[in-house]
Novice: 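Questions regarding the structure given below will be posed in turn.
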Amino acid sequence: MILVVNPNSNAATTAQICAIAAPFLTDLQGWTAPRGPQVIQTPGQLAQAADQVALLEPPPGCRGVIVAAFGDPGADRLAARLSCPVIGIGAAAARAARGRTFAVATTTPDLCDAIDALMRAHAGDAPYLGCFLTAGPALAVMSDPGRLDPALLDATHDAARAGAQAVIIGGGPLAQAAERIAARSPVPLIRPIPEAARLMRDLLT
């Protein structure tokens, strides 16, 4: 069994993430943070989520853990405790960007510093252009696909004009939007959940 950890306290998002990972991995079990915000937006919330994830006790038979928030909260600390693989979706996406100039499109401006550090830590020598943000309040944009999809597309166009050869859609709750807009992006999109699921599959086979 692979445990898919959603550090946001939104069970609907957990179900969506598991559905996106399911083509790559069988026997998935979701875990939703029992407390905290439905969408992590601030460094303080990210730190609180990291504390919850770091203390998580996977159920018996767990063969691997995917931490499915883009800041990978608690992933390193959890990996230090467990004998099975622990993969953060942010790190997996950054590794997938290697060899290309890339950027991140996201909705959470207060997390840009944490995202930038994570990308630079895992992308090797790939040139990283930073975060390109959607316009408008994050929660209002994310709650309305009619606003979210064009806002993310605008951010990918901004990144492409800045020289990005690939764009990561940065956020576990943005996973469905990433699926919807991929065909319309001006450059290839890197989707963190499929990247993490593929990486986990490769590690376990």
Side-chain angles (χ1 to χ4, degrees), residues 4-24 28 30-33 36-46 49 66-73 88-90 92-94 96-97 102-116 118-119 129-197:
V4 179
V5 172
N6 177 17
N8 303 280
S9 62
N10 187 327
T13 297
T14 307
Q16 294 165 4
I17 290 168
C18 287
I20 291 170
F24 308 97
L28 298 172
W31 180 93
T32 305
Q38 292 203 342
V39 178
I40 296 168
Q41 297 186 75
T42 69
Q45 292 169 346
L46 191 68
I66 293 173
V67 178
F70 193 66
D72 296 357
I89 63 170
F102 76 104
V104 169
T106 191
T107 58
T108 49
D110 291 340
L111 296 180
C112 285
D113 287 348
I115 290 171
D116 290 347
L118 184 66
M119 294 298 101
L129 301 179
C131 292
F132 289 77
L133 296 165
T134 54
L139 286 178
V141 172
M142 293 174 69
S143 65
D144 180 0
R147 292 181 66 181
L148 177 60
D149 291 7
L152 280 174
L153 274 173
D154 285 346
T156 64
H157 278 277
D158 290 342
R161 283 190 288 268
Q165 298 168 312
V167 174
I168 297 171
I169 300 299
L174 304 180
Q176 283 194 319
E179 300 289 307
R180 292 192 299 263
I181 70 171
R184 291 177 284 157
S185 173
V187 293
L189 292 187
I190 298 172
R191 290 166 278 180
I193 289 164
E195 294 299 340

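Values below: every heavy atom of this structure, side chains too, minus hydrogens, waters and symmetry copies. In this text, all values refer to a predicted model and were calculated from it rather than measured experimentally.
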Novice: Determine the minimum heavy-atom distance between Ala69 and Asn8, stating which atoms define it.
Specialist: CB-ND2, 4.3 Å
Novice: Quick one: list whatever passes side-chain contact (heavy atoms from CB on, under 4.5 Å) with Gln38, sequence neighbours left out.
Specialist: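 With sequence neighbours excluded, Gln38 shows a side-chain contact (heavy atoms from CB on, under 4.5 Å) to Ser9, Asn10, given in chain and number order.
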Novice: In Å and rounded to the nearest 0.5 Å, what is the CG to CD1 distance from Leu174 to Ile193?
Specialist: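 One gets 9.0 Å once the value is rounded to the nearest 0.5 Å.
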Novice: Could I get the full list of side-chain hydrogen bond (donor to acceptor under 3.5 Å, both in side chains) partners for Asp116, not counting sequence neighbours?
Specialist: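 Expected list: Tyr128.
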Novice: So which pairs with a foot in residues 129-147 pass side-chain hydrogen bond (donor to acceptor under 3.5 Å, both in side chains), sequence neighbours left out?
Specialist: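 Those involving residues 129-147 do not exist here.
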Novice: For Thr32, which residues count as a side-chain hydrogen bond (donor to acceptor under 3.5 Å, both in side chains) partner, sequence neighbours excluded?
Specialist: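 Scan of Thr32 (side-chain hydrogen bond (donor to acceptor under 3.5 Å, both in side chains), adjacent residues dropped) gives Thr14.
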Novice: Can you sort out the partners of Ala182 under side-chain contact (heavy atoms from CB on, under 4.5 Å), two or more places apart, ordered by chain and number?
Specialist: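 For Ala182 the side-chain contact (heavy atoms from CB on, under 4.5 Å) partners, ignoring immediate neighbours, are Leu189, Arg191.
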Novice: Of all residues at least two apart in sequence or in a different chain, which pass the side-chain hydrogen bond (donor to acceptor under 3.5 Å, both in side chains) check with Gln16?
Specialist: Gln176
Novice: Quick check: closest heavy atoms across Val187 and Ala164, and the distance to 0.1 Å?
Specialist: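 The answer is CG1-O, 3.5 Å.
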Novice: Using the test side-chain hydrogen bond (donor to acceptor under 3.5 Å, both in side chains), find all partners of Gln45 that sit at least two apart in sequence or belong to another chain.
Specialist: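 By the side-chain hydrogen bond (donor to acceptor under 3.5 Å, both in side chains) rule, Gln45 matches no residue at all.
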Novice: Given side chains that start at C-beta, do those of Leu133 and Thr106 come closer than 4.5 Å, heavy atoms only?
Specialist: yes
Novice: Can you list the residues that meet the side-chain contact (heavy atoms from CB on, under 4.5 Å) rule with Pro43, with sequence neighbours excluded?
Specialist: Asp110, Leu111
Novice: For the pair Ile181 and Ile169, evaluate side chain to side chain contact (heavy atoms under 4.5 Å, CB included) and give the outcome as yes or no after the intermediate values.
Specialist: CA-CA 10 Å; Ile181 70 171; Ile169 300 299; 4.2 Å; yes
Novice: Looking at every heavy atom in both Cys18 and Gly30, which two are closest together, and how far apart are they?
Specialist: SG-CA, 3.9 Å
Novice: Under the side-chain contact (heavy atoms from CB on, under 4.5 Å) test, which residues partner Leu118, sequence neighbours left out?
Specialist: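 Residues passing side-chain contact (heavy atoms from CB on, under 4.5 Å) with Leu118: Asp72, His122.
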Novice: Quick check: do Thr108 and Ile40 have side-chain heavy atoms less than 4.5 Å from each other?
Specialist: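 Counting from C-beta outward, Thr108 and Ile40 never come under 4.5 Å.
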Novice: What are the two closest non-hydrogen atoms of Cys131 and Ile115, and how far apart are they?
Specialist: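 Of all heavy-atom pairs spanning Cys131 and Ile115, the closest is SG-CG2, 3.6 Å.
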Novice: Under the rule for salt bridge (charged side-chain N to carboxylate O under 4.0 Å, His left out), what residues qualify as partners of Arg184, not counting sequence neighbours?
Specialist: none
Novice: What are the two closest non-hydrogen atoms of Ala97 and Ile168, and how far apart are they?
Specialist: CB-CD1, 4.5 Å
Novice: Which value, rounded to the nearest 0.5 Å, describes the distance between Thr13 atom OG1 and Asn6 atom CG?
Specialist: 6.0 Å
Novice: Between Ser185 and Val167, is any pair of side-chain heavy atoms under 4.5 Å apart?
Specialist: no
Novice: Let me check something: any side-chain donor-acceptor pairs from residues 148-159 under 3.5 Å, sequence neighbours excluded? List them with distances.
Specialist:
unit_1 : atom_1 : unit_2 : atom_2 : d
Asp149 : OD1    : Arg180 : NE     : 3.3
Asp149 : OD1    : Arg180 : NH2    : 2.8
Asp149 : OD2    : Arg180 : NE     : 2.8
Thr156 : OG1    : Leu153 : O      : 2.7
Asp158 : OD1    : Arg161 : NH2    : 2.5

Novice: Mind listing the closest non-hydrogen atom pair of Ala162 and Phe132 along with its distance?
Specialist: CB-CZ, 3.7 Å
Novice: So, taking the atom named CG in Leu46 and the one named CG in Asp113, what distance separates them when rounded to the nearest 0.5 Å?
Specialist: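 So the gap between those two atoms works out to 11.5 Å.
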Novice: Taking side chain as C-beta onward, heavy atoms only, is Glu195 less than 4.5 Å from Phe24?
Specialist: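 Glu195 does not reach Phe24 side chain to side chain.
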Novice: Report yes if the side chains of Val39 and Thr107 come closer than 4.5 Å at any heavy-atom pair, otherwise no.
Specialist: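 Of all side-chain heavy-atom pairs linking Thr107 with Val39, none is under 4.5 Å.
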